[in-house]
Amino acid sequence: MNYTIMVLAAYAVIMIAATVLMTNKEKSVERFCVGNRNTGWFISALSIAATWIWAPSLFTSTENAYTKGFAGLFWFLVPNVLCLIFFIPFARRIRKEMPEGITLSGYMHQKYQSESVKNIYLFQLGALSALSTGVQLLAGSKILSMLTGIPFWIMTVIMAVIAYSYSQFSGIKASILTDSIQMVFMLIASVCFAVFGIKNGGGIQNMFAGIGGYTGECSSLFSAKGIEIFLGFGLPTTVGLISGPFGDQCFWQRAFCVKKNRIGRAFFVGAILFGMVPLSMGILGFVGAGMGYTAIDTGVINFELISELFPSWAVIPFLFMIVSGLLSTIDSNLCAISSLTTDIFKKNTLGKTKIAMVALLVIGIIVANIPGLTVTHLFLMYGTLRAATLLPTIFTLKGVKLKPEGVVTGIATALIIGLPVFAYGNITGTAAYKTAGSLLTVLLSGTVALIASRKRGAENG
């Protein structure tokens, strides 16, 4: 039997067994979505880290280190870590203001008493879950299909079925438990790959020789090449990443699950644990650049380096890492979409939450199978999508007085103007348009929301 298929089978058995043996099948919608609201901080931190590790990031960190050197890895790693830390005071605030809450859209509905506000947040959060699921299936299934010979579309279905099999049993509890198992494995495997990669790749001196990437030009953030990387990759990526948790129901859901007085600790430790994985994978990229390795395909450079530097069996834990990164995000998206049903149906049932899970997977499979679509396109697109609600959400949680019409107008303007500009830059590869689109999406939503709210207040005053 192909070893990749064995990894998939072992993964499915471990996650399903852990869920059935260590959690109880949930019968209430609230507990299915947020558990008992008393989850421990460390297991929550592991879950937060695993949820933030999307499968392509395991490749992107190595690719950036290899092709863009220190500058590329810096602009991928640092914003990824800081965004989770920046999120902490807002996670605490929403839990304080809405201790029995489940979703961000529910909180915004409560604050503004507006169906329009709730619906535009449901659209953004739901669309993000669909695109995120599509990214995971596209990236993970591409390499797994290549290794197994199983057709790509069938592999996307297999991945979806595995994620659903354990997520539907106990909801968020299953997600947090399996996330923690996945994260422990990813931490151990990635650190081992970095340590032994340095040893097998010519030692620490080779790693430092590769800090500038394979061209040797990217060792500084402030050189001409470093500034170019910042404008073309760093700035739009930072905008998308900093807004990431704010536009993702997965993280609001965890803010409602963890012990109330341990929210800060859970997210801070989660950020640090997350950072260790792409850092370790990035070190592998430096090693490859330093030893003069010529990549066949930079998009899977870590897979090539592991095949080059390690015994053949090392591919197995690497594949387990990829599957873990893939499915930890998909199962979190499934729980996120199930929680959003509490804002859609007045009389919600567990059956409806599970139908929503299946619907999300179907959409994700369709998205992943769109011809010509790339991981980079989807990643940057949904990164910009979640930026559309960043400032209205922050303003609301900080007590800035907005009108419902202002919130809706601001977000709609950002989506109508900012997103197409960014999409054009992404498709054409024009850094200026990508940067402009990212900034427009963030700034328009907040600026228009403030102006429209003040105008509405003046008319009513």
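In this chain, residues are counted from 1 in sequence order. Below, all heavy atoms of this structure are taken into account, side chains as well, without hydrogens, waters or symmetry copies.
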Engineer: Is there a side-chain contact between Gln124 and Ile411, using heavy atoms and a 4.5 Å cut-off?
Structural biologist: no
Engineer: So do the side chains of Thr133 and Val367 get within less than 4.5 Å of each other, counting heavy atoms only?
Structural biologist: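 Counting from C-beta outward, Thr133 and Val367 never come under 4.5 Å.
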Engineer: Does Ala336 offer a backbone N or O that forms a donor-acceptor pair with the side chain of Ser339 under 3.5 Å?
Structural biologist: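 Pair found, side chain donor or acceptor close to backbone of Ala336.
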Engineer: Taking atom CZ of Phe345 as the centre, does the number of heavy atoms from other residues, nucleotides or ligands within less than 6.0 Å exceed 12?
Structural biologist: yes
Engineer: Are Phe87 and Trp252 an aromatic pair by the rule of ring centers under 6.0 Å?
Structural biologist: yes
Engineer: Ser132 side chain to Leu128 main-chain N or O, any donor-acceptor pair under 3.5 Å?
Structural biologist: no
Engineer: Are Trp52 and Cys83 side-chain neighbours, meaning at least one heavy-atom pair lies under 4.5 Å?
Structural biologist: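 Result yes, sub-4.5 Å side-chain heavy-atom pair found.
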Engineer: Among pairs that include at least one residue of residues 114-136, which meet salt bridge (Lys or Arg N to Asp or Glu O under 4.0 Å), considering only residues two or more places apart or in two chains?
Structural biologist: Glu115-Lys118
Engineer: So, does Thr178 use its side chain to make a donor-acceptor pair with the main chain of Ser175 at under 3.5 Å?
Structural biologist: yes
Engineer: Taking side chain as C-beta onward, heavy atoms only, is Leu319 less than 4.5 Å from Leu144?
Structural biologist: yes
Engineer: Near Asn24 CG, under 6.0 Å, is it more than 12 heavy atoms from other residues, nucleotides or ligands?
Structural biologist: no
Engineer: Give me the ring orientation class for Phe233 and Phe76: parallel if the planes are under 30° apart, tilted from 30 to 60°, perpendicular past 60°.
Structural biologist: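 Parallel.
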Engineer: Step through the shown structure and confirm whether more than 12 heavy atoms of other residues, nucleotides or ligands are within 6.0 Å of CZ on Phe320.
Structural biologist: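 Yes.
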Engineer: Is a donor on one side and an acceptor on the other found under 3.5 Å between the side chain of Ser47 and the backbone of Leu177?
Structural biologist: no
Engineer: Can you find a heavy atom in the side chain of Tyr107 that is under 4.5 Å from one in the side chain of Tyr121?
Structural biologist: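 The answer is no, as the side chains (C-beta and beyond) never meet within the 4.5 Å cut-off.
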Engineer: Between Ser328 and Met183, is there a side-chain heavy-atom distance shorter than 4.5 Å?
Structural biologist: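 Heavy-atom side-chain distance check fails, nothing below 4.5 Å.
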Engineer: Tell me, do Glu405 and Ser453 make a side-chain contact under 4.5 Å, heavy atoms counted?
Structural biologist: no
Engineer: Run the numbers on Leu235 and Trp75 for side-chain contact (heavy atoms from CB on, under 4.5 Å), then give the verdict.
Structural biologist: CA-CA 8 Å; Leu235 183 56; Trp75 289 118; over 6 Å; no
Engineer: What is the minimum heavy-atom distance between Phe286 and Gly69, and which atoms define it?
Structural biologist: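 Minimum heavy-atom contact is CE2-C, 3.6 Å.
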Engineer: Partners of Glu63 by side-chain hydrogen bond (donor to acceptor under 3.5 Å, both in side chains), sequence neighbours excluded?
Structural biologist: none
Engineer: Taking salt bridge (charged side-chain N to carboxylate O under 4.0 Å, His left out) as the test, write out the residues that go with Glu217, two or more places apart.
Structural biologist: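 Expected list: none.
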Engineer: Not counting sequence neighbours, which residues clear side-chain hydrogen bond (donor to acceptor under 3.5 Å, both in side chains) with Arg93? List them please.
Structural biologist: Glu97
Engineer: I'd like to know whether CZ of Phe152 has more than 12 heavy-atom contacts from other residues, nucleotides or ligands below 6.0 angstrom.
Structural biologist: yes
Engineer: For Gln182 and Gly325, indicate whether the former's side chain and the latter's backbone hold a donor-acceptor pair under 3.5 Å.
Structural biologist: no
Engineer: Does a side-chain heavy-atom distance below 4.5 Å link Phe256 with Thr103?
Structural biologist: no
Engineer: Taking the six-membered ring for Trp and the single ring otherwise, decide whether the centroids of Phe86 and Phe246 are under 6.0 Å apart.
Structural biologist: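 Yes, the ring centres sit under 6.0 Å apart.
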Engineer: For Val117, does its backbone N or O pair with a side-chain atom of Ser114 as donor and acceptor, under 3.5 Å?
Structural biologist: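 Yes; judged by distance alone, with no hydrogens or angles, the pair exists.
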Engineer: Would you call Asp179 and Arg254 a salt bridge, taking side-chain N to carboxylate O under 4.0 Å as the test?
Structural biologist: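 A salt bridge links Asp179 with Arg254.
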Engineer: Between the side chains of Ser129 and Gln249, does any donor sit under 3.5 Å from an acceptor?
Structural biologist: no
Engineer: Give every residue pair that meets the salt bridge (Lys or Arg N to Asp or Glu O under 4.0 Å) criterion with at least one member in residues 223-242, sequence neighbours excluded.
Structural biologist: Lys225-Glu228
Engineer: Taking atom NZ of Lys96 as the centre, does the number of heavy atoms from other residues, nucleotides or ligands within less than 6.0 Å exceed 12?
Structural biologist: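 No - once you tally the heavy atoms of other residues, nucleotides and ligands closer than 6.0 Å, there are 12 at most.
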Engineer: The criterion is ring-ring contact (aromatic ring centres under 6.0 Å, His included); which residues satisfy it with Phe268, sequence neighbours excluded?
Structural biologist: none
Engineer: Is a donor on one side and an acceptor on the other found under 3.5 Å between the side chain of Arg95 and the backbone of Glu100?
Structural biologist: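 No, Arg95 side chain to Glu100 backbone: no donor-acceptor pair under 3.5 Å.
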Engineer: Keeping Asn302 on the side-chain end and Thr62 on the backbone end, is there a donor-acceptor pair under 3.5 Å?
Structural biologist: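 The answer is no, because no donor-acceptor pair under 3.5 Å joins these two groups.
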Engineer: Does any donor atom in the side chain of Asn348 or Thr341 lie under 3.5 Å from an acceptor atom in the other side chain?
Structural biologist: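 Note: Asn348 and Thr341 side chains meet the donor-acceptor criterion.
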Engineer: When you measure from the side chain of Arg31 to the backbone N and O of Asn36, does any donor-acceptor pair fall under 3.5 Å?
Structural biologist: no
